[in-house]
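For reference, the structure discussed in these notes is given below.
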Amino acid sequence: MGCVIKRILLSVLITAFLFSITACSDEQANHHGINKAIRFGLSTAPVTLDPLQATDAASGRINRLIYQRLVEFGTDNKPIPGITRWQQIDAQHYRFTLLKNSLSQFPRFHHNKALTAHDIKATYDAVLDIKTASPHRNSLKHIERIKVLDEHTIDFYLSRPDPLFPAFLVIGIVPEDLLKSGHSFNDKPVGSGAFVFSHWPFDEQLFVRRQTDQQLFEFLKVSNPTVRVLKLLRGELDLIQNNLPPEHITYLKDNKAIKSLTKMGSNYTYLGFNLNDENTSQLALRQAIAYALDRDKIIRYALGNGAQKANGFFPEQHWAGARLTGYNSDQKKAIELMQQLGYSGQKRLQLTYKTSSDPFRIRIATIIQSQLKEIFIDVDIRSYDWGTFYGDIKNGHFQLYSLTWVGISTPDIFRYVFHSDSLPPSGANRGRLNNALIDQLIEKAEQQSLTEQANTYQELQEQLHRLLPYVSLWYEDNIAFFQDDIHDYRVSSDGNYDALKHVQRLLPATKAQGSK
Amino acid sequence: MLNYILSRLLSAFVVIFGVVFIVFMLIHMVPGDPVEVMLGESATAIDREALRQSLGLDKPLWQQFYHFIHGLINFDLGYSLHSKKPISELISARIGPTVELTLASLLVAFMIAFPLGILAALKKDQLADAGAMSFSLMGVSIPNFLMGPLLILFFSVFLGWFPVSGKSGLDSLVLPAVTLGTALAAVLSRMIRASLLEILNEDYIRTAKAKGLSRARIIGLHALRNALLPVITLIGLQIGALLAGAVITEIVFSWPGLGQLTIESIQKRDYPVVQACILLISTTYVVVNTLTDIVYGMLDPRIRLG
């Protein structure tokens with residue numbers, strides 16, 4: 001008995017010791033002003049803060065705050081000046097000139113060195129260096145040569161004409177001196193953006209500080225959406241954005257203490273077919289499936305009206321977007337098509353639908369399964385962890401699958417997804433579309449000016465709409481919820497966090513005045 | 001006793017090596033390629049090959065395994081394929097929170113399980129027994145992914161006593177520890193009850209009663225000490241499981257522990273991190289269970305002699 005008591009006492013002592021350590025770290029946190037930070041809840045943590053390596057959405061959005069880019073995108077998704085303006089000297093030669101900011105100053109890095117054309121060259125040279133193993137190298141591989149003309153001017157020479165070229169210069173610029181010294185930008189990012197890296201104690205918790213007023217921001221990963229919502233309600237988070245199931249969205253919208261903002265998104269969700277499969281290669285079957293899906297109901301009931309129906313890769317307001325009439329739900333037509341293919345209530349078709357293990361994606365899959373059941377198709381849903389699912393899709397081991405393209409802003413995506421040269425692993429033509437007309441239209445567009453391209457892409461999307469390698473589903477809205485004292489937050493169509501540059505927390509006195 | 005301890009340590013070493021080898025082979029056999037996950041589909045074959053080379057993934061499996069073991073001997077776990085951070089740094093940041101949560105959960109479990117188990121045994125087939133066992137059944141039946149949000153809703157959102165999630169101080173430890181601890185307490189209390197009931201029917205307990213010893217002395221000194229033997233085994237296994245990472249609880253409470261790191265690394269096919277995590281988890285299991293065996297041997301001489 002004495003032994004047991006001793007053990008219990010020992011446990012109590014050890015726990016008390018650990019508690020005291022925790023208490024110390026709290027004090028340190030207070031000292032850093034962490035409790036005053038504006039806290040932003042994320043569903044996934046950023047993987048890397050090195051702009052040369054980052055590919056995931058969370059890293060990309062936070063890197064936009066820390067680093068600046070040569071080019072940004074306007075409301076119609078056409079490239080517009082970022083920290084540089086540009087002129088096309090000839091078809092294969094572009095000149096970029098650094099711009100002064102609103103204070104009539106050239107950009108400076110956070111370690112107080114001026115950002116010059118040499119830093120731009122060093123950044124893009126590093127991306128193009130095969131040793132860097134940057135995932136962005138392929139999109140820039142037709143840069144033949146980069147030449148610095150002076151501190152503020154730089155020339156890019158291309159190996160082939162590309163009117164869209166400026167749209168690819170979206171890598172955050174890093175300082176040449178640190179790059180050459182082998183600095184780890186992932187751990188200690190140094191950029192020239194509005195936010196300075198503060199500290200990153202855990203993968204799930206990142207702190208950055210806004211340069212203009214030293215306001216601290218905390219990005220906190222809370223993967224469970226219910227807990228994220230509860231943290232917002234409890235005041236432990238100030239802002240959350242996207243990745244919430246519809247019931248949470250409805251619940252928060254009804255909550256008077258929480259403010260919300262919605263903006264139509266551009267992330268494109270689709271249902272993909274394997275065109276090498278004996279069943280899904282039949283156009284009539286793909287059409288039947290397209291007609292069988294009641295997207296209005298899915299959007300209303302499963303997405304809480306938080307999405308817009310999509311008819312193509314880009315929304316209509318995108319400069320390369322097309323005006324298309326979508327496949328509206330028509331069960332009668334779908335059944336007719338299935339009957340023409342020889343299917344009926346007695347002879348049903350079996351298809352496999354692959355999806356990730358994300359509960360929301362599985363929920364969508366079961367709704368699609370239920371809708372296809374009405375047109376004599378029995379769908380076998382198989383959900384896998386991301387690595388396995390992605391591997392199967394790339395290797396063509398599927399009949400049906402659904403995914404979302406995130407952050408697509410340039411129409412070069414058509415080559416990447418639908419050109420016959422882009423079969424995995426050389427691209428994302430996962431459905432194995434092989435169509436001479438599609439290839440021809442993609443190649444034609446690549447040789448044209450942006451205005452001409454818009455027309456060619458309209459024609460291309462009409463053809464894709466007819467061929468149906470994808471059934472376009474929807475663009476999910478971007479929706480943000482935030483505390484009552486958070487002011488000046490805006491939601492962007494691609495879900496970036498750029499509005500944090502302006503967001504303010506109202507002080508109690510300001511709030512009272514505001515409410516008067 | 002020394003021979004017993006040495007044999008346990010030797011078998012522990014063999015088990016750890018076996019686990020590391022099997023995990024290494026399995027993680028390389030499952031579908032999904034870290035290079036594809038990192039570079040996406042736009043990368044050229046040259047890019048992929050370059051990255052594969054820089055990560056050492058182009059080498060034959062046996063060479064990669066040798067490199068891993070060689071690193072281990074030199075206390076070098078390598079770098080994460082994705083974040084490029086040293087793995088020792090990633091893991092050391094997680095060990096503290098994991099140990100804290102484990103100890104706090106054990107404390108909660110002991111505080112509930114011992115009184116409950118003893119009470120149920122002493123009041124067998126009475127209302128107190130039924131009540132204690134119902135509580136225990138509830139603890140086992142409610143999964144952590146439900147228990148966690150329920151506790152958050154009641155104690156954080158309605159009462160405002162504790163933070164919802166995250167690791168921010170002493171109070172942030174309470175709800176995850178209770179979530180894990182109640183589930184463990186449920187199992188422990190049933191085990192204590194069953195074990196104590198068996199011991200209470202032994203001849204030597206009857207002898208102790210006949211000698212006129214007090215009830216407290218009989219329970220505390222004679223019965224409980226012997227009833228603890230199977231309980232210690234269970235605690236050993238549970239400590240291993242808790243240290244290995246109570247993944248669900250860590251996810252619900254955004255607790256930056258080892259479990260989350262392991263799961264995320266598996267999803268991203270971050271081989272070196274997975275290997276290091278599994279090595280740590282298996283070592284923890286084996287060390288705790290070896291210690292349990294040794295303590296068991298100390299408490300019951302028949303075991304070490306057998």
Side-chain angles (χ1 to χ4, degrees), chain A residues 1 3-4 8 11-12 14-15 18-19 21-23 25-26 29 45 47-48 50 53 55 130-131 133-139 141 184 186-187 201-205 220-224 226-227 230-231 233-234 236 384-388 390-392 394-395 416 422 424-428 430, chain B residues 30-33 36-48 50-51 54 82-85 90 93-94 96 99-100 103-104 106-107 110 114 148-149 152-153 156-157 160 163-170 172-173 220-221 224-225 228 251-254 256 260-261 264 266-269:
Chain A
M1 184 67 179
C3 189
V4 174
I8 292 172
S11 303
V12 172
I14 292 170
T15 314
L18 289 167
F19 286 168
I21 295 172
T22 320
S25 57
D26 278 353
V47 174
T48 174
D50 182 347
Q53 301 294 342
T55 51
I130 202 158
K131 285 184 206 144
S134 169
H136 307 291
R137 197 181 81 90
N138 195 38
S139 66
K141 68 181 176 195
S184 171
N186 178 39
D187 297 309
F202 294 103
D203 283 354
E204 294 86 356
Q205 190 182 31
L220 187 66
K221 179 193 156 192
V222 184
S223 49
N224 186 308
T226 307
V227 178
L230 292 175
K231 275 181 95 69
L233 292 175
R234 170 87 158 81
E236 289 175 28
Y384 300 96
D385 82 283
W386 174 251
T388 308
Y390 189 52
D392 274 1
K394 274 166 49 75
N395 293 323
Y416 184 46
S422 299
S426 304
R430 300 156 179 164
Chain B
V30 292
D33 179 354
E36 302 290 353
V37 174
M38 289 166 79
L39 290 182
E41 290 152 297
S42 66
T44 61
I46 298 168
D47 293 331
R48 274 192 286 274
L51 182 59
S54 77
H82 285 263
S83 69
K84 309 281 192 290
K85 288 182 184 169
L90 289 176
R94 308 283 179 146
V99 171
E100 272 179 54
L103 292 179
L106 278 177
L107 187 67
F110 289 161
F114 276 95
I152 291 172
L153 199 62
S156 300
V157 179
V164 172
S165 73
K167 185 182 175 300
S168 55
L170 174 63
S172 68
L173 186 56
L221 196 67
L224 199 55
R225 183 189 159 97
L228 278 181
I251 289 172
V252 169
F253 289 98
S254 306
Q260 277 214 67
L261 180 67
E264 281 170 13
I266 291 171
Q267 285 169 349
K268 288 188 275 191
R269 301 293 189 265

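Hydrogens, waters and symmetry mates are skipped; everything else that's a heavy atom, side chains included, is used. Everything quoted here is computed from the prediction, not taken from an experiment. We name chains A, B, ... by the order of the sequence lines, and we start the count at 1 in each one.
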*Not counting sequence neighbours, which residues clear side-chain contact (heavy atoms from CB on, under 4.5 Å) with B/S254? List them please.*
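Checked B/S254 against side-chain contact (heavy atoms from CB on, under 4.5 Å); matches are A/V222, B/S165.
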
Distance from [X] atom [atom1] to [Y] atom [atom2], nearest 0.5 Å?
| X | Y | atom1 | atom2 | value |
| --- | --- | --- | --- | --- |
| B/Q260 | A/F202 | CD | CZ | 11.0 Å |
| A/D385 | B/I266 | CG | CD1 | 8.5 Å |
| B/S156 | A/L233 | OG | CG | 11.5 Å |
| A/T226 | B/I152 | OG1 | CD1 | 9.0 Å |

*Check each atom of A/K131 against the heavy atoms of chain B and say whether the ones under 4.5 Å are side chain, backbone, both or neither.*
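For A/K131, there is no contact with chain B at all, as no heavy atom is under 4.5 Å.
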
_Contacting moiety of A/S422, where chain B heavy atoms sit under 4.5 Å_ =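 No part of it gets close to chain B.
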
*Leading residue by heavy atom contact count with chain A [cutoff under 4.5 Å; candidates B/G148, B/P149, B/P163]*: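 Option with the greatest count: B/P163.
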
*asked:* So A/D203 and B/L90, do their side chains get closer than 4.5 Å, heavy atoms only?
replied: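 Counting from C-beta outward, B/L90 and A/D203 do come under 4.5 Å.
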
*Between A/N186, A/N224, A/T48, which shows the greatest number of heavy-atom pairs under 4.5 Å with chain B?*
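With the most close heavy-atom pairs to chain B, the winner is A/N186.
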
*Largest heavy-atom contact set with chain B, pairs under 4.5 Å, which of A/K141, A/Q53, A/R137*: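 That would be A/R137.
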
*Minimum heavy-atom separation for A/L230 to B/L153, with atom names?*
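Taking every non-hydrogen atom into account, CD2-CD1, 3.7 Å.
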
*Compare every heavy atom of B/V164 with every heavy atom of A/E236, then report the nearest pair and how far apart it is.*
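Shortest heavy-atom separation between A/E236 and B/V164 comes out as OE2-N, 2.5 Å.
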
*Should the pair B/R94-A/E204 be classified as a salt bridge under the 4.0 Å nitrogen-to-oxygen rule?*
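The answer is yes: the pair qualifies as a salt bridge.
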
